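Counting begins at 1 with the first residue of the sequence. The shown structure was predicted, so the numbers you read here are calculated from the model rather than taken from an experiment.
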Amino acid sequence: MDVKSSGSNNQQRLLVIMLMVLLFGVIMIQYVCPGRSECRVLHQLGSWFTIGAATGSRTSGNELQDGLQKDPYIAEDRALARFVPRFNFTKDDLNRGVDFNIKGDDVIVFLHIQKTGGTTFGRHLVRNIKLERPCECHAGQKKCTCLRPGKMETWLFSRFSTGWSCGLHADWTELTSCVPSRMDSKEVPKNSPRRNYYYITILRDPVSRYLSEWRHVQRGATWKASLHVCDGRSPTLSELPSCYSGDDWSGCSLQEFMDCPYNLANNRQTRMLADLSLVGCYNVSTMTEEERWAVLLESAKCNLRGMAFFGLTEYQRKTQYLFERTFNLEFIAPFTQLNGTRASTVDVPPETQQRILELNRWDVKLYEYARDLFLQRFQVTRQQERRQARERRQQERRRVRGRYPSKQGLPQKTTETPHTVVIEEQQREKAAGNDIDSKGLLPDWWDLDDNSTDEDYTDNVEQW
């Protein structure tokens with residue numbers, strides 16, 4: 001009996017020692033990495049120890065009071081609470097709210113770059129926005145009808161609304177010269193005001209995008225119906241040679257994909273966002289390759305800054321947030337961060353990854369620039385929203401104090417209770433998007449693969 005009692009006491013002592021060590025470790029972590037710092041260890045370890053203990057001390061929704069998981073936009077992409085910028089942008093660059101008038105003559109133009117998640121985002125535009133007059137989408141049809149309230153005009157120029165009207169995956173050079181004439185030829189009556197065109201796009205990590213395009217080409221995609229119009233004409237075969245001799249390049253290895261010097265997958269995002277006329281379009285003899293790409297990169301950066309909006313595949317919730325604040329539109333169901341793509345399943349050796357980075361070094365520079373601008377815009381927008389929320393709460397408190405004088409004997413001006421004011425404020429915050437319904441479901445067609453082939457182009461290029 002004494003032996004059992006002694007063993008039980010030893011186990012209790014051991015348990016107490018382990019708890020003390022654990023508590024000491026948590027205290028040391030919080031001392032080294034304060035709650036508002038950018039220490040990754042705290043974000044990972046601290047959240048493990050606080051999730052279970054904080055279940056009884058939650059605030060609104062699924063947020064915690066410790067500040068580690070209070071922001072729902074941090075958890076989706078493991079971004080730090082405080083972003084340290086690398087590039088300097090002007091206030092106009094960071095504040096991209098536009099006065100989009102869906103009932104007027106404004107048009108959103110979606111520049112769809114291959115394998116950036118643009119198909120999913122394009123479906124969001126036609127199926128997932130709360131509109132007074134929702135887009136009409138019917139089963140079996142690849143295009144939806146997106147008309148303005150009270151008008152027979154479209155407010156959206158995209159693959160899923162107008163088809164590939166300016167060519168399959170038209171780039172910046174093609175769209176800016178094609179879209180106005182296409183829209184005017186179809187809809188603009190005489191003496192109508194000039195339209196406002198708001199260009200948007202989605203970018204993706206260059207390595208993941210490159211691998212995704214290789215897997216897509218390997219399955220038979222070619223995009224050979226793309227027009228590549230620049231300065232009024234398409235490139236000749238000598239200006240833009242093909243990487244394959246047959247009908248397609250199906251079955252090509254990654255090595256073969258990388259070895260083709262004419263592969264448009266290399267630095268595709270930079271090329272598609274730049275003004276190609278600045279470098280003589282597809283005539284590579286006008287300047288050296290280094291000079292050519294340097295000009296294209298600066299042009300792509302400039303166009304990206306000037307766009308009304310761009311999102312990043314790696315930041316779905318932030319992309320949704322910024323789009324909603326930019327255009328004052330609201331999505332029905334929240335965006336989902338999908339990390340299990342075909343590109344993520346490719347086992348690429350380090351030396352191959354390095355080769356891909358070298359082949360796409362201009363895209364790497366563009367993406368670093370775009371990511372910095374994107375996160376700065378997100379940070380500025382959130383700060384402005386929080387400041388406005390504080391001002392509203394202060395005004396609410398002043399209003400409450402005015403209705404409930406602190407001096408005894410003074411009559412009350414209203415029968416409204418402070419509890420009612422709090423409920424009204426919570427309802428306003430929920431309406432503003434701070435309480436996203438995570439149960440919003442999207443239909444089965446949402447996960448369909450992006451098969452932008454020649455057949456898809458011919459099905460969508462008819463007159464709209």
Side-chain angles (χ1 to χ4, degrees), residues 73 76-80 82-98 108-122 124 169 171-173 175-176 198-213 264-276 278 293-327 335 337 341 343 356-357 359-382:
Y73 298 97
E76 65 139 357
D77 45 45
R78 299 178 183 176
L80 298 177
R82 290 184 179 179
F83 172 66
V84 180
R86 294 177 51 197
F87 298 91
N88 294 322
F89 296 101
T90 66
K91 290 183 179 180
D92 291 337
D93 293 334
L94 298 179
N95 294 281
R96 295 304 297 167
V98 298
I108 295 177
V109 183
F110 181 34
L111 194 162
H112 185 172
I113 303 175
Q114 291 95 317
K115 313 314 296 180
T116 58
T119 297
T120 299
F121 185 77
H124 278 300
H169 287 287
D171 54 32
W172 172 269
T173 307
L175 284 178
T176 52
Y198 298 105
Y199 288 83
I200 64 175
T201 193
I202 300 292
L203 298 180
R204 186 180 182 184
D205 170 74
V207 175
S208 298
R209 198 214 65 81
Y210 188 84
L211 289 172
S212 181
E213 180 166 341
L264 292 182
N266 301 341
N267 300 300
R268 183 182 288 278
Q269 296 178 105
T270 302
R271 180 181 57 80
M272 290 192 68
L273 290 177
D275 183 358
L276 298 179
L278 298 175
W293 280 110
V295 172
L296 290 177
L297 176 62
E298 291 306 314
S299 176
K301 289 180 178 179
C302 179
N303 293 334
L304 195 69
R305 289 196 308 272
M307 279 186 169
F309 163 83
F310 72 89
L312 299 181
T313 307
E314 290 74 21
Y315 301 91
Q316 288 294 311
R317 289 284 295 277
K318 291 182 177 65
T319 294
Q320 174 185 354
Y321 174 86
L322 284 178
F323 181 89
E324 290 178 336
R325 272 61 181 181
T326 300
F327 289 99
F335 287 16
Q337 188 69 45
T341 62
I356 295 175
L357 287 172
L359 290 172
N360 293 273
R361 67 188 185 97
W362 301 101
D363 265 12
V364 170
K365 294 180 179 180
L366 176 64
Y367 184 80
E368 291 175 349
Y369 184 86
R371 179 179 178 273
D372 196 281
L373 176 57
F374 177 86
L375 292 178
Q376 285 196 53
R377 283 181 177 176
F378 174 80
Q379 188 177 48
V380 168
T381 306
R382 291 278 282 173

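For the atom pair CG (L366) and CZ (R371), the distance works out to 14.0 Å, reported to the nearest 0.5 Å. Atom CZ of R86 is separated from atom CG of N88 by 12.0 Å, given to the nearest 0.5 angstrom. Note that the CG atom of L211 and the CD1 atom of I356 stand 4.0 Å from one another [nearest 0.5 Å]. Distance check: K115 NZ to E213 CD gives 8.5 Å after rounding to the nearest 0.5 Å. Taken to the nearest 0.5 Å, the CG atom of L312 stands 5.0 Å off from the OH atom of Y367. The CZ atom of F110 sits 9.0 Å away from atom CZ of F309, with the distance rounded to the nearest 0.5 Å.
Using modelled atom types, one side-chain atom of T173 and one backbone atom of A274 make a donor-acceptor pair closer than 3.5 Å. Proximity of a side-chain donor or acceptor of S212 to a complementary backbone N or O of S208 within less than 3.5 Å is not detected. Without hydrogens or angle criteria, R96 side chain to M307 main chain gives a donor-acceptor distance under 3.5 Å. Side-chain atoms of N360 come within 3.5 Å of backbone N or O of N267 as a donor-acceptor pair. No donor-acceptor pair under 3.5 Å is formed between the side chain of R204 and the backbone N or O of G117. The backbone N or O of L203 sits nowhere less than 3.5 Å from a side-chain atom of Q269 that would complete a donor-acceptor pair. Side-chain N or O atoms of N303 include one that pairs as donor or acceptor with a backbone N or O of S299 at under 3.5 Å. Formation of a donor-acceptor pair under 3.5 Å by the Q376 side chain with backbone atoms of F87 is found in this model. When atom types are taken as modelled, the side chain of R377 and the backbone of D93 share a donor-acceptor pair closer than 3.5 angstrom.
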For K365 and T270: C-alpha separation, side-chain torsions, deciding distance, then whether side-chain contact (heavy atoms from CB on, under 4.5 Å) applies.
CA-CA 9 Å; K365 294 180 179 180; T270 302; over 6 Å; no

Could you please spell out the steps behind the side-chain contact (heavy atoms from CB on, under 4.5 Å) verdict for W172 and T201?
CA-CA 10 Å; W172 172 269; T201 193; over 6 Å; no

Does the pair L322 and F374 meet the rule for a side-chain contact (heavy atoms from CB on, under 4.5 Å), with working shown?
CA-CA 9 Å; L322 284 178; F374 177 86; 3.6 Å; yes

Check the pair R305, Y369 against side chain to side chain donor-acceptor pair (under 3.5 Å), reporting the backbone distance first and the verdict last.
CA-CA 10 Å; R305 289 196 308 272; Y369 184 86; 2.7 Å; yes

Before you tell me yes or no, could you show the steps for T381 and N95 under side-chain contact (heavy atoms from CB on, under 4.5 Å), namely the whole-Å CA-CA distance, both residues' side-chain angles and the distance that decides it to 0.1 Å?
CA-CA 7 Å; T381 306; N95 294 281; over 6 Å; no

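Considering all non-hydrogen atoms of both residues, D363 and P206 come closest at O-CG, 3.6 Å. The minimum heavy-atom distance between I113 and I202, with the atom names listed, is CD1-O, 4.1 Å. The two atoms that bring L357 and V364 nearest to each other are CD2-CG2, 3.8 Å, heavy atoms only. Shown here for H112 and M272, the closest heavy-atom pair between the two residues is O-CE, 3.9 Å.
Judged as a ring pair (Phe, Tyr, Trp, His ring centres under 6.0 Å), and not counting sequence neighbours, the contacts of Y210 are F257. Y199 is linked by a side-chain hydrogen bond (donor to acceptor under 3.5 Å, both in side chains) to nothing, counting only residues two or more places apart in sequence or in another chain.
The side-chain heavy atoms of Y315 and L375, taken from C-beta on, include a pair separated by under 4.5 Å. Counting only heavy atoms from C-beta outward, the side chains of R361 and W293 never approach each other to under 4.5 Å.
No hydrogens or angles considered: a donor-acceptor pair under 3.5 Å links the side chains of E324 and Q320.
When each of F378, F310, F121 is paired with T319, the side-chain contact (heavy atoms from CB on, under 4.5 Å) condition holds for F121 and for no other.
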